[in-house]
Amino acid sequence: MGTIRLTCGEAIVRYLDNQYVTIEQDGKMIESKFVESFYAVFGHGCVIGVGEALSQAEHSIKVMQGRNEQGMALAAMSYAKQHNRLKILPCMSSIGPGAANMVTAAANATVNNIPLLLFMGDTFATRQPDPVLQQMEQPQDLTVTTNDAFKPVSRYFDRIVRPEMVMSALTNAMRVLTDPAHTGAACIAMCQDVEGESYDYPEEFFRKRVHYIQRTIPNNYEIEQAAKALKDSKKPLVIVGGGVRYSMAGKEVAAFCEKHNIPFAETQAGKSAIKSSHPLNLGGIGATGNASANTIAKDADVVLAIGSRLSDFTTSSKWIYADAQVITINASAFHAQKFDSISVVADAREGITALDKAMGDYKSAYTTEIESAKKLWENEMARLTSIEYPAENFEPENKVRVENNLEDFSKATGGVLCQTTALGIIRDIIPEDAIVVAAAGSLPGCMQRMWTTDSLYSYNMEYGYSCMGYEIAGAFGSKLADEAKEVYAMVGDGSYNMLHSEMITALQEGKKINVLLFDNASFGCINNLQMGQGVQALCTESRYRNGDDPIRYGEFMNIDYAMCARGYGYVTYTAKTPDELREALKDSLKQTKPTLIDIKVLPKTMTDGYGSWWNVGCSDIPRTEKGKEAYAEKQAHLKEARKY
């Protein structure tokens, strides 16, 4: 067996440059390069070694300059998601704080089952210079470093203390990154002295490797049990989860529902796997679901969840269809067994295809219920998208608020736009195939209820970890993955202030992203939760401090986010009225550079709940009347909810 002398860093780069994946789709094997780019924030723990190899070695990988380690890793996660997990964007940081910045992104990827490969600089394997710059020391265990924080949030973790270790480490990382059931973050800590050490690597290690993305076939017993339960049902409901998207099984799931007259609802991860206009598509379900889906869900006797983690938002804290028999199809046995379900451990496409054959000519007992529920929501959508302020006897969607907060906000900012109206305007004007990216705040609730699209995979919502800061980084990652489409970051002012560093990288790389910044001068959804549980507003609205008074009594801050982005080189706009928003959106479509629209939206004008419930940890000795109401509501719902 021939060998080649390379540094550890060079071996990593050469190996990554030769990784491919293949998956069967429509009867054909589709092969693609798994790693085309690399993202890095270079510091002393990685610029020599892996950084040197990226700079000087011969390879085809494009290297990009990150601005914040968390931001670049979130962009990489979004990139992989937009590619339906068929490509990855490896990231590398230095030692210490740079590495710690990626822990959140690692957790995010693992929660959402998105492949993310991270390399982190680490301490010296020899310990000769200890403690090195940015090293954290634990006197009781000198093997512990900052990078141990990745262990609980990753699917695979390794630390390289000898150059030959990268062969097993990279092989195992690829195993995880290409596993539909168990993918997530694969994190490899690189001792910085070892990165530059050389070894005689087998040439065979660097051959072209094609990793087969397996479609797990269901076993007959599980299919038979699922089919029996479904055929005994009168009013079943299908839940389309992210697994349908990553299996590219939307066509098969839609055909199944059509054949058997079964309506379906969408999770955040499943939205855009099937057209919104499909007559059986009820839209979003659960705590952030709409009236259409939740009405049908309450009466369902069987719920078939395909590729869903069945989180508390999807199940409305196990309340909304507590009495229904749940059937699951999931590539992960762990997720499949939730809800004490009849489980089918399988790829979404393979599972639904086998179940369809076992169902024969079964049809549900629905007559006009589906159409009626959809019509009910269509009427509500018409109302939500046409709300105007000021208006006689105006009442915001969310009633509990600090006195005069709408008036005070409008006085400070000039904004008179309602959030639901703004979303309607945006949907009307931006391209039908535009990709929208969001993650946190009130926008995920509004968008799961209100956003419609017939363009496949155009809805990139990170709601497994609901990570503030994903939005703009995620928009850049989506744009890298699909450069032909307009990409929009739907971000609140809270998330924007937490993380918008990759706006600069998007500009640097010449990638046009569009930032739609919904500024309601607050953490709006948390203020709703806070006050809805009988707690006085505290640090959830952006107000000036007025002497020693509680901060909730100060005047609203008015920040010019358009000016901020203009300083970066973005084309910017400020929209305070519906007409200003329309004009800004239309003009932004003419631009070739990245854009930002600072949208001044009134607090409390986001959507509220529609026949759902969310279990939160309210006080069992409430001090206010509103708190007593909230606690009583919680106890009543818990009596009706499943216990596990």
Side-chain angles (χ1 to χ4, degrees), residues 215-241 243-244 247 249-267 270 273-274 278-283 285-286 292-310 314-316 318-333 335-374 642 644:
R215 292 187 180 276
T216 302
I217 306 298
N219 69 60
N220 291 335
Y221 176 80
E222 291 182 340
I223 288 294
E224 289 169 3
Q225 297 303 304
K228 182 179 184 301
L230 202 51
K231 285 192 285 188
D232 287 342
S233 71
K234 302 294 184 184
K235 293 186 175 181
L237 172 68
V238 166
I239 294 177
V240 176
V244 175
S247 176
K251 181 175 65 175
E252 288 77 11
V253 172
F256 173 88
C257 292
E258 291 163 13
K259 178 180 175 182
H260 304 295
N261 190 38
I262 302 175
F264 61 90
E266 305 163 316
T267 69
I274 304 175
H278 192 288
L280 293 173
N281 191 343
L282 301 171
I285 190 171
S292 176
N294 287 347
T295 297
I296 295 295
K298 279 290 289 181
D299 294 332
D301 52 5
V302 167
V303 171
L304 170 59
I306 310 172
S308 173
R309 295 168 51 245
L310 291 173
T314 299
T315 69
S316 214
K318 298 187 175 72
W319 171 76
I320 200 165
Y321 38 86
D323 297 328
Q325 171 65 61
V326 174
I327 303 169
T328 60
I329 298 176
N330 205 297
S332 163
H335 294 311
Q337 58 80 39
K338 291 177 179 176
F339 243 78
D340 205 13
S341 65
I342 297 172
S343 60
V344 176
V345 179
D347 167 78
R349 192 195 71 182
E350 297 301 317
I352 202 66
T353 300
L355 184 58
D356 181 48
K357 291 178 181 177
M359 292 291 291
D361 295 328
Y362 164 85
K363 286 192 180 294
S364 75
Y366 289 108
T367 54
T368 62
E369 298 93 335
I370 301 168
E371 185 179 354
S372 296
K374 286 175 68 70
R642 286 181 59 93
Y644 67 101

> Who are the ring pair (Phe, Tyr, Trp, His ring centres under 6.0 Å) partners of F256, not counting sequence neighbours?
Replying inline: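 With neighbours one apart ignored, the set is H260.
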Set of side-chain contact (heavy atoms from CB on, under 4.5 Å) partners for [X], sequence neighbours left out:
X: N261; result: L280, S364, Y366, I370
X: A322; result: R642
X: Q225; result: Y221, I342

Side chains of [X] and [Y]: does their closest heavy-atom pair fall under 4.5 Å?
X: V326; Y: T315; value: no
X: V253; Y: F264; value: no
X: I306; Y: V240; value: no

Could I get the full list of salt bridge (charged side-chain N to carboxylate O under 4.0 Å, His left out) partners for [X], not counting sequence neighbours?
X: D301; result: none
X: R309; result: none
X: K251; result: D26
X: K374; result: none

> Just wondering, more than 12 heavy atoms not from Q337 lying within 6.0 Å of its CD?
Replying inline: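 Counting other residues, nucleotides and ligands, CD of Q337 exceeds 12 neighbours.
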> Which residue pairs satisfy the side-chain hydrogen bond (donor to acceptor under 3.5 Å, both in side chains) criterion with at least one member in residues 342-351, sequence neighbours excluded?
Replying inline: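 Non-adjacent pairs meeting side-chain hydrogen bond (donor to acceptor under 3.5 Å, both in side chains): E24-R349, R215-D347, S247-D347.
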> Only one of L282, V303, V244 clears side chain to side chain contact (heavy atoms under 4.5 Å, CB included) with I239; which?
Replying inline: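 One option only clears the test, and that one is V303.
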>> Given 3.5 Å as the limit, does a donor-acceptor pair link the side chain of N294 with the main chain of I285, or not?
In response: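 Not a single qualifying donor-acceptor pair exists.
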> Under 3.5 Å, side chain of T267 to main-chain N/O of G270, donor-acceptor pair present?
Replying inline: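 Answer holds: yes.
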>> Tell me every residue that passes side-chain hydrogen bond (donor to acceptor under 3.5 Å, both in side chains) with D340, counting only those two or more places apart in sequence or in another chain.
In response: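 side-chain hydrogen bond (donor to acceptor under 3.5 Å, both in side chains) list for D340, sorted by chain: Y644.
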>> I'd like to check the side-chain hydrogen bond (donor to acceptor under 3.5 Å, both in side chains) partners of S341; sequence neighbours left out, ordered by chain and number.
In response: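 Residues passing side-chain hydrogen bond (donor to acceptor under 3.5 Å, both in side chains) with S341: T328.
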Using 0.5 Å steps for rounding, measure from the [atom1] atom of [X] to the [atom2] atom of [Y].
X: T314; Y: Y321; atom1: OG1; atom2: OH; answer: 6.0 Å
X: K298; Y: W319; atom1: NZ; atom2: CH2; answer: 4.0 Å
X: I262; Y: M359; atom1: CD1; atom2: CE; answer: 5.5 Å

Minimum heavy-atom distance between [X] and [Y], given as atom pair plus value:
X: A293; Y: G283; result: CB-O, 3.9 Å
X: I352; Y: E252; result: CG2-CB, 3.9 Å
X: P218; Y: A354; result: CG-CB, 3.7 Å
X: H335; Y: N330; result: CB-ND2, 3.6 Å
X: I329; Y: A348; result: CG2-CA, 4.2 Å
X: I327; Y: A226; result: CD1-O, 3.5 Å

Less than 3.5 Å apart, which donor and acceptor atoms pair up between the side chains of residues 230-237 and the rest of the protein, not counting sequence neighbours?
residue: K231; atom: NZ; partner: A358; partner atom: O; Å: 3.4
residue: S233; atom: OG; partner: L230; partner atom: O; Å: 2.6
residue: S233; atom: OG; partner: Y362; partner atom: OH; Å: 3.1
residue: K235; atom: NZ; partner: E369; partner atom: OE2; Å: 3.2

